[in-house]
Amino acid sequence: MSSSQPQNRLRVAVIGGGMAGLVLTLFLQKHSPDVQVDIYESAQALSEVGAGIAMWPRVWEIVVQLGFEEELNEIASGSAGEKPAFTYYKGDQPEMQVAFPTKYLARTFHRSQLQTLFAKHIQNVDQVIHFGKRLSDYVAPASGTGEITLNFRDGTSATCDVVLGSDGIRSAVRHTMYEDMAKAASDEKAAAELRQVSVPIWSGNIVYRGLIPVESLAEDMKAEVVTWIRVFLGKNQHIICYPIAQGKFINLANFVFTPEGEGTQYDGPWVSNVSAEAVVEKFGRWDPLIQTLMKGMSDPLAWAVHRLKELPTFSSGRVALLGDAAHAMTPFQASGLGQAIEDGFVLASILAQPNVTASNVAEALSIYDKIRRPFAQNIQRLSDANGQCHHLRRGGWEDVTAEESSRGGFAQERFDAMSGLLDAQVKWTQESSVMDDSDEALRMVKALAA
Ligand SMILES: Cc1cc2nc3c(=O)[nH]c(=O)nc-3n(C[C@H](O)[C@H](O)[C@H](O)COP(=O)(O)OP(=O)(O)OC[C@H]3O[C@@H](n4cnc5c(N)ncnc54)[C@H](O)[C@@H]3O)c2cc1C
């Protein structure tokens, strides 16, 4: 372990070695050689769901700063610069129909390739990642100084100066943070609100995810679908389709939305096995070409898509949340990981400042909260807004029934309002930079008394 390093300015415990935790660690190691980082991961080894993930230019701008752009490009697919990102089609009708193209670009990845690449670049990875360590809770001294104790389910414990919770939507760090805040709340109503706001809710969506090995497809179909970077719109259903792993697989994410389920507690397992045939049945009115593609999914899984409500804070004392632990969102902006990477970049930039020490790190983390929370929570909202577009519930489509929608034959003008809405909602991914926020955070941190 990095305990042999002399004079660590801070000892940081990263809880959760998902992609948020890995990227945060990479940024910390790059910018803060005098900060000791340990990752505590509940699983026995790193693993990711067999599916694709997209990365927008705003995120790419900071990821390449890690220094392995060439390797990232080798595993990237999608529209890595020269072609439009997604074209929107209407798919819930006998023959799909082009709705509108976009001018937006995105790189797409196989999740496990991306995760493996991130892990490979962590220095002293065998000493830094502690597997089989599921956090149950932590104890932070009320005085605000002294070691924080991490308690793990296996009965062991560890200590640190700072806890960064990247332990996903069911975060134990968030649970402990909000429970402590509730205990310290001024009255029972405030305490109940704090406990309630940190509980994940069902978005009303089930996504049926699977990869299709391109080599398994018929020749004529192969040629067509490897070029697809498409969103297929439908009434309360939509599909995202793009190639990953240099065109070896097609990533298919098939969503079914149940309006009355939105905001409720899901009654059942969040992830379960499903057959490709069962998925096809749910998309019975869709273009037969899409249905044929669906039938080729190997080992599809059904996911009940959950999200967090907007938390009142991402930090408390010397503890902060990032990634899904802070702002789990619906996937309709393709931005949960991207926002996690932005969190990691800003957090690491803040902790790299030499004037940040154990005695003022709580203030530094509250600057992280001040800068990152409004932005990430806006993306949570924009993601829900995109979902409503994808499900033909906005932009003049509100009153179109599933029956009418499945008949097809819509005039181009019907799509124009929708196109304008989506354009405005996605623009930030291409035309803004996290650097402005990071600069603002650093200006505030540099003014902190050491
Ligand atoms: C269908 C779908 C499509 C998506 N597409 C995109 C996309 O295209 N682009 C994008 O940017 N985002 C996308 N997302 C969102 C993205 O997948 C997530 O936001 C991202 O993976 C979250 O990463 P994380 O590291 O914060 O959490 P996780 O991946 O959940 O990692 C949490 C880690 O913490 C560990 N852990 C959990 N509890 C504990 C504990 N108590 N102690 C120790 N370790 C613990 C877990 O084992 C895990 O390794 C999509 C999501 C879905 C559902």
Side-chain angles (χ1 to χ4, degrees), residues 13-25 38-49 51-56 58-60 63 78 85-86 106-112 114-115 118-119 129-138 150-154 158 163-176 200 203 205-210 229 231 238-240 242 244 251-255 270-271 301-308 321-344 376 379-380 383 386-387 429:
V14 174
I15 310 299
M19 286 205 266
L22 295 179
V23 175
L24 167 70
T25 302
D38 290 284
I39 301 179
Y40 297 96
E41 164 57 45
S42 57
Q44 296 298 338
L46 294 181
S47 69
E48 251 297 349
V49 49
I53 193 145
M55 197 185 282
W56 298 109
R58 181 175 151 112
V59 182
W60 184 253
V63 168
F86 291 96
R107 287 169 175 79
T108 57
F109 296 91
H110 192 303
R111 280 174 181 257
S112 58
L114 190 58
Q115 186 186 48
F118 288 149
I129 307 187
H130 308 276
F131 287 109
K133 294 291 171 192
R134 176 174 288 280
L135 186 88
S136 47
D137 62 11
Y138 64 81
L150 306 167
N151 296 315
F152 300 104
R153 288 265 179 92
D154 64 3
V163 181
L164 301 179
S166 53
D167 49 344
I169 187 167
R170 301 204 229 204
S171 170
V173 177
R174 187 182 68 244
H175 180 77
T176 307
S203 68
N205 290 279
I206 301 285
V207 56
Y208 302 92
R209 306 165 92 173
I229 306 178
V231 180
H238 83 278
I239 297 175
I240 312 272
Y242 53 76
I244 58 166
N251 176 70
L252 213 57
N254 314 286
F255 293 87
W270 287 20
V271 185
L301 290 171
W303 292 66
V305 179
H306 282 70
R307 66 174 170 80
L308 283 177
L321 305 169
L322 69 151
D324 277 11
H327 45 64
M329 58 186 72
T330 50
F332 311 130
Q333 280 269 348
S335 286
L337 176 63
Q339 285 305 291
I341 292 173
E342 292 191 20
D343 295 339
I379 308 308
Q380 282 183 292
S383 197
N386 269 15
T429 64

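Whatever order the structure lists ligands and atoms in, that order sets their numbers, starting from 1. This is a predicted model, so every value here is computed, not measured.
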Proximal candidate to [atom] [heavy atom criterion; set [options]]:
atom                    : options               : result
atom 19 (O) of ligand 1 : D324, V173, T330      : D324
atom 4 (C) of ligand 1  : R134, H175, M55, R111 : R111
atom 39 (C) of ligand 1 : N251, D167, L135      : D167

Does the salt bridge (Lys or Arg N to Asp or Glu O under 4.0 Å) test come out yes or no for R58 and E342, once each step is laid out?
-> CA-CA 9 Å; R58 181 175 151 112; E342 292 191 20; 2.7 Å; yes
Proximal atoms of ligand 1 relative to [X] (non-hydrogen, under 4.0 Å):
X    : value
Y40  : 43 (C), 44 (N)
G168 : 27 (O), 30 (O), 32 (C)
G323 : 26 (O)
K133 : 42 (N), 43 (C)
I15  : 42 (N), 43 (C)
S166 : 32 (C), 33 (C), 34 (O)
A20  : 24 (P), 25 (O), 26 (O)
A172 : 41 (N)

Suppose we measure from [atom] to each protein heavy atom; which comes out shortest, and what is that distance?
atom                    : result
atom 6 (C) of ligand 1  : I53 CG1, 3.8 Å
atom 29 (O) of ligand 1 : E48 OE2, 4.2 Å
atom 46 (C) of ligand 1 : E41 OE2, 3.5 Å
atom 45 (C) of ligand 1 : S42 OG, 3.4 Å
atom 8 (O) of ligand 1  : A54 N, 2.8 Å
atom 3 (C) of ligand 1  : P331 CB, 3.6 Å
atom 15 (C) of ligand 1 : G336 CA, 3.8 Å
atom 33 (C) of ligand 1 : G18 N, 3.6 Å

With a 4.5 Å limit on heavy-atom distance, are the side chains of V305 and I206 in contact?
->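 The answer is no, as the side chains (C-beta and beyond) never meet within the 4.5 Å cut-off.
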W60 vs F109 aromatic rings, parallel, tilted or perpendicular, using cut-offs 30° and 60°?
->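 Geometry flag for F109 against W60: parallel rings.
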Going by the angle between their ring planes, with limits at 30° and 60°, are H130 and Y40 parallel, tilted or perpendicular?
->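 Aromatic pair H130/Y40 classed parallel.
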With N151, which residues qualify under side chain to side chain contact (heavy atoms under 4.5 Å, CB included), at least two apart?
->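 N151: side chain to side chain contact (heavy atoms under 4.5 Å, CB included) contacts with S136, D137, V139, T149, S157.
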Looking at ligand 1, does [X] have a heavy atom less than 4.0 Å from it?
X    : value
R170 : no
S335 : yes
V305 : no

Taking the side chain from W56 and the backbone from Q333, do they hold a donor-acceptor pair closer than 3.5 Å?
->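 Yes, W56 side chain to Q333 backbone: donor-acceptor pair under 3.5 Å.
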Does Q380 reach the main-chain N or O of A328 with its side chain, forming a donor-acceptor pair under 3.5 Å?
->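 Yes, Q380 side chain to A328 backbone: donor-acceptor pair under 3.5 Å.
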Can you find an N or O of G338 that's nearer than 3.5 Å to an N or O of ligand 1?
->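 Yes.
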Could you tell me whether A334 and ligand 1 have an N or O pair separated by under 3.5 Å?
->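 It does: an N or O of A334 is found under 3.5 Å from an N or O of ligand 1.
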Between R134 and D154, is a salt bridge (Lys or Arg N to Asp or Glu O under 4.0 Å) present by the stated rule, with each step listed?
-> CA-CA 7 Å; R134 176 174 288 280; D154 64 3; over 6 Å; no
Using the test ring-ring contact (aromatic ring centres under 6.0 Å, His included), find all partners of F118 that sit at least two apart in sequence or belong to another chain.
->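 Partners of F118 under the ring-ring contact (aromatic ring centres under 6.0 Å, His included) test: none.
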Which pair of heavy atoms, one from [X] and one from [Y], lies closest together, and at what distance?
X    : Y    : value
W303 : V49  : CZ2-CG2, 3.4 Å
R170 : R174 : CA-NH2, 4.2 Å
A325 : D167 : CB-OD1, 3.8 Å
T330 : S203 : CG2-CB, 3.6 Å

N254-H238 side chain donor-acceptor pair, cut-off 3.5 Å |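 Absent: no donor and acceptor within the cut-off.
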